[in-house]
Amino acid sequence: SNRLHEAEKSQKPTFSFEFFPPKTAQGIQNLYDRMDRMHGFGPTYIDVTWGAGGRSAHLTCEMVKTAQTALGLETCMHLTCTDMPKSKIDEALKVAYASGCTNILALRGDPPREHDKWEATSGGFRYAKDLVRYIRQEYKDHFDIGVAGYSERCEDNEDVDQLVQHLKEKVDAGSTFVVTQMFYDVDLFLEWVRKCRQAGITVPIIPGIMPISTYAAFVRRANGPMRCHVPQTWLDAMEPIKNDDVEVREQGKNLVAEMCRKLLESGEIHHLHFHSYTMNLEKATRMVIEELGIMPDMESPIEKPLPWRQSLGLK
Ligand code: FAD
């Protein structure tokens, strides 16, 4: 029933993009423009992340609705348990349902900004698997439900083997695909995929790919809260050119494309999920997709439902 699963069966690798709700009105307009442009690259679907808290949560719902109904993009809505009593979860799911969205990425969520540690909201859920179970119970097979996977660590757990067990529990609760945290060490990642398969996780695993837009962002992301391992060869390739933005983008494209090729050659990975939050990341994503030659044939151009577009300020 679903494009994501059709994509899994197709011979040509497919891809998707991830966006997050912007903070300003101008940011929202820019994002709709970017979504519209990137629609032209031929993604299977796009993700809209969930920001905990009132306005941001509302915006996620609005963006899903706009992308799905006005821009004609298949969407996947992220939904978290942070600060979400059941009633709010129900509201968000209703919007997704009414918009024609059939994919949810069910997450526990990050702690709210003012807290270090995550705590369950009263009348809400503790773990992502509880949310998965609830959505399955309420909506049966309407939604394809994805969950988050961590090949190296997650914010409050560094034990990879335990995380694999927790991932298995999420899949057993009814999720049908896994999207992973970003990473740059493809060997570590593929070892983790094997562990997942050995643990009986058979659903599609979709790698989260973070293209390299600038040296500063590359270093910040690799050392950030998610601290992923960066192979020494990558650091060696980047160090001499770190002050030349054009070179960094070119080299970054080569490194990330090479990583994607290895993923696809493994036979385990058929779909790539690109983080495309900013204009710079849009460019870097496009460069990688072009380098890989995986843009779909444009024999049958993607149809865009025109009447809606003008009201959104799109050409
Ligand atoms: P869970 O799988 O529920 O795990 C949470 C913690 O509980 C882990 O430490 C886990 O090991 C532990 N645990 C799980 N089951 C058990 C058990 N049975 N017993 C004991 N401990 C257990 N955050 C957002 O706020 N918005 C987003 O849109 C968003 N999108 C994301 C997309 C992706 C692809 C990824 C990888 C992460 C995303 N996140 C997002 C971040 C995510 O919410 C955090 O990493 C969060 O800390 C963990 O969420 P989870 O769904 O993996 O939680």
Side-chain angles (χ1 to χ4, degrees), residues 16-39 41 43 45-71 73 75-85 88-89 91-96 99 101 103-119 121 124 148 155 179 181-182 208-226 245 273-286 308-309 311-315:
S16 48
F17 304 134
E18 184 166 309
F19 303 105
F20 61 64
K23 292 199 173 59
T24 63
Q26 185 57 49
I28 295 170
Q29 184 61 53
N30 291 345
L31 181 64
Y32 287 149
D33 288 342
R34 185 174 326 123
M35 280 180 170
D36 197 42
R37 272 197 307 277
M38 294 188 83
H39 191 170
F41 301 180
Y45 69 99
I46 61 137
D47 273 42
V48 184
T49 67
W50 189 264
R55 186 171 171 276
S56 195
H58 179 72
L59 247 183
T60 298
C61 291
E62 196 180 304
M63 283 169 58
V64 164
K65 194 169 161 199
T66 302
Q68 186 82 42
T69 61
L71 299 178
L73 281 156
T75 56
C76 174
M77 183 174 89
H78 292 202
L79 183 59
T80 76
C81 310
T82 306
D83 286 340
M84 293 287 283
K88 284 201 173 171
I89 300 262
E91 267 175 51
L93 289 172
K94 263 189 203 155
V95 173
S99 308
C101 166
N103 310 287
I104 303 283
L105 193 75
L107 301 142
R108 196 271 313 259
D110 291 321
R113 218 158 264 156
E114 59 278 15
H115 298 282
D116 302 335
K117 254 186 91 157
W118 195 89
E119 275 171 35
T121 301
E155 200 170 273
V179 185
Q181 189 60 258
M182 63 160 285
I209 310 289
M210 182 68 78
I212 297 174
S213 50
T214 66
Y215 184 77
F218 166 62
V219 170
R220 192 174 63 240
R221 293 202 177 100
N223 296 330
M226 285 306 153
D245 289 350
H273 185 64
F274 290 93
H275 294 271
S276 310
Y277 309 124
T278 62
M279 187 90 105
N280 280 339
L281 280 173
E282 173 189 339
K283 278 188 208 142
T285 295
R286 187 189 180 118
W308 303 84
R309 299 167 53 78
S311 64
L312 287 165
L314 300 169
K315 283 172 219 99

Donor-acceptor pair, distance only, cut-off 3.5 Å: does the side chain of [X] make one with the backbone of [Y]?
X: Arg34; Y: Tyr277; answer: yes
X: Asp36; Y: Tyr32; answer: no
X: Ser213; Y: Ala284; answer: no
X: Thr121; Y: Gly124; answer: no
X: Asn103; Y: Thr75; answer: yes
X: His39; Y: Leu73; answer: no
X: Thr80; Y: Gly109; answer: no

For this session: Kindly determine whether Trp118 and Thr82 satisfy side chain to side chain contact (heavy atoms under 4.5 Å, CB included), including the steps that lead there.
Result: CA-CA 8 Å; Trp118 195 89; Thr82 306; 2.8 Å; yes

task: Any chance you could lay out the side-chain hydrogen bond (donor to acceptor under 3.5 Å, both in side chains) test for Ser16 and His273, step after step, and finish with the verdict?
output: CA-CA 5 Å; Ser16 48; His273 185 64; 2.7 Å; yes

Q: Report the C-alpha separation of Thr278 and Glu282 in whole Å, then their side-chain angles, then the decisive distance to 0.1 Å, and conclude whether the side chain to side chain contact (heavy atoms under 4.5 Å, CB included) test is met.
A: CA-CA 6 Å; Thr278 62; Glu282 173 189 339; over 6 Å; no

The residue among Glu62, Met35, Lys65, Gln68 that forms side-chain contact (heavy atoms from CB on, under 4.5 Å) with Val48 is Met35

From the list Thr60, Leu59, Leu107, side-chain contact (heavy atoms from CB on, under 4.5 Å) with Trp50 holds only for Thr60

Quick one: closest heavy-atom pair of [X] and [Y], and the distance?
X: Phe218; Y: Ile212; value: CD1-CD1, 3.7 Å
X: Cys76; Y: Leu105; value: SG-N, 3.7 Å
X: Val95; Y: Cys61; value: CG1-CB, 3.7 Å
X: Ile104; Y: Ala96; value: CD1-CB, 4.1 Å
X: Pro85; Y: Asp83; value: CD-O, 3.4 Å
X: Thr285; Y: His275; value: OG1-O, 3.7 Å

Decide yes or no on side chain to side chain contact (heavy atoms under 4.5 Å, CB included) for His78 and Glu18, but give the supporting numbers first. CA-CA 10 Å; His78 292 202; Glu18 184 166 309; 3.7 Å; yes

[atom1] of [X] to [atom2] of [Y]: how many Å apart, nearest 0.5 Å?
X: Asn280; Y: Asp245; atom1: CG; atom2: CG; result: 8.5 Å
X: Met210; Y: Ser276; atom1: CE; atom2: OG; result: 9.0 Å
X: Met84; Y: Leu79; atom1: CE; atom2: CG; result: 5.0 Å
X: Ile46; Y: Phe41; atom1: CD1; atom2: CZ; result: 13.0 Å

Derivation of the side chain to side chain contact (heavy atoms under 4.5 Å, CB included) call for Asp110 and Glu155: CA-CA 8 Å; Asp110 291 321; Glu155 200 170 273; 3.7 Å; yes

